[in-house]
Amino acid sequence: MSELNWFITGSSRGLGKSLVRAAAEAGHRVIATARTPGTIEAHGDRVIPLALDVTDPAAARAAVAAALDRVGRIDVVVNNAGQGFFGAFEEMTAEQFDAQVAINFTGVVNVTRAVLPVLRRQRSGHIIQVSSVGGRIGAPGLSAYQASKFAVEGLSEVLWHELKPLGIKVTIVEPGGFRTDWAGSSMAWADPIDDYNAVRAFRESVAKRAGGEPGDPDRGARAIVELATMADPPLRQPLGTDSYTYLKLAYESNLAELERAKAHAVATDFPGSAAPDLGKLFDRRES
């Protein structure tokens with residue numbers, strides 16, 4: 001495996017920490033970023049820690065410039081920084097909701113915007129967006145988190161189309177439950193309103209599973225390293241049996257719902273109209 005230069009956000013804990021380790025152990029060089037770079041695990045000269053608050057676009061540009069100064073090129077970008085926040089939509093303050101969007105979505109926008117000119121000049125690179133099974137499925141109590149992850153998925157699918165002709169790959173990673181501190185010390189909670197019983201029940205189930213999730217962050221990290229070496233990686237890659245299972249059920253449910261809605265959908269056309277041929281837009285096989 002040839003050496004690649006990685007740029008990873010959210011590198012100090014959770015999946016990001018495991019990914020820095022896995023990439024370094026695989027022989028790659030890693031620009032590992034976090035708000036507090038002193039908390040990033042050391043791996044000799046394989047890992048270069050840099051400070052980065054992804055919500056600051058100027059900081060993103062500066063971190064990418066510093067990475068180029070140190071290693072000359074960037075081959076793999078992993079937008080991993082993120083946080084969870086739990087509460088019904090009405091329970092969240094506007095500031096709490098906006099903070100989730102700022103780190104989970106706007107942070108991805110800032111880093112991607114900063115690094116794209118580099119990858120475009122290189123005519124190569126791989127952007128890996130760490131989304132979530134919650135980027136495709138809604139659950140009570142996670143409106144801000146899942147709204148931001150749905151946005152990451154939409155942005156990334158558009159980028160896949162725009163960047164493929166330039167030799168740049170895009171993959172969305174969709175983890176299920178992993179034994180990180182996402183649902184533990186990293187999770188903040190809104191002040192509850194009694195009427196939202198479904199949110200209370202889901203919150204309790206999440207808290208009960210914390211620390212016992214099926215996903216192993218080290219195995220997940222190694223899977224991401226393998227993705228970065230594929231000639232034709234998938235646009236979406238679930239991580240975890242639970243992610244695969246939930247997504248399969250969701251896709252099947254969505255197809256059934258689509259069929260139930262078909263009569264009203266087709267009744268709104270002018271007589272004799274036909275849908276445009278967009279088949280190639282959905283063909284993600286290597287061309």
side-chain contact (heavy atoms from CB on, under 4.5 Å) partners for [X], two or more places apart:
{"X": "A88", "answer": "E91, Y196, V199"}
{"X": "P214", "answer": "D242"}
{"X": "I48", "answer": "I31, R70, V71"}
{"X": "S18", "answer": "R21, P217, D218, A221"}

Under a single-linkage rule joining Ile, Leu, Val, Met, Phe, Trp and Tyr whose side-chain heavy atoms are separated by less than 4.5 Å, which residues share a cluster with L249?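 L249 clusters with nothing; isolated.
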Residue pairs passing the ring-ring contact (aromatic ring centres under 6.0 Å, His included) test where at least one lies in residues 51-82, sequence neighbours excluded: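 Checked against ring-ring contact (aromatic ring centres under 6.0 Å, His included) - neighbours excluded - no pair reaches residues 51-82.
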Applying salt bridge (Lys or Arg N to Asp or Glu O under 4.0 Å), which residue pairs with at least one partner in residues 22-39 are found, sequence neighbours left out?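 Qualifying pairs, neighbours excluded: E3-R29, R35-D53.
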Mind checking salt bridge (Lys or Arg N to Asp or Glu O under 4.0 Å) for D98 and listing every partner two or more places apart, or none if nothing turns up?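 None.
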Counterpart residues, salt bridge (Lys or Arg N to Asp or Glu O under 4.0 Å), relative to R73 (two or more places apart):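 R73 satisfies salt bridge (Lys or Arg N to Asp or Glu O under 4.0 Å) with D75 only.
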Residue list, ring pair (Phe, Tyr, Trp, His ring centres under 6.0 Å) with F89, at least two apart or on another chain: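 F89 satisfies ring pair (Phe, Tyr, Trp, His ring centres under 6.0 Å) with F97 only.
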Please tabulate, one pair per line, all N/O donor-acceptor pairs under 3.5 Å involving side-chain atoms of residues 56-69, not counting sequence neighbours.
unit_1	atom_1	unit_2	atom_2	d
D56	OD1	A58	N	3.0
D56	OD1	A59	N	3.3

Considering only residues two or more places apart or on different chains, which pairs with a residue in residues 252-279 satisfy side chain to side chain donor-acceptor pair (under 3.5 Å)?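 Pairs touching residues 252-279 that pass the test: K248-E252.
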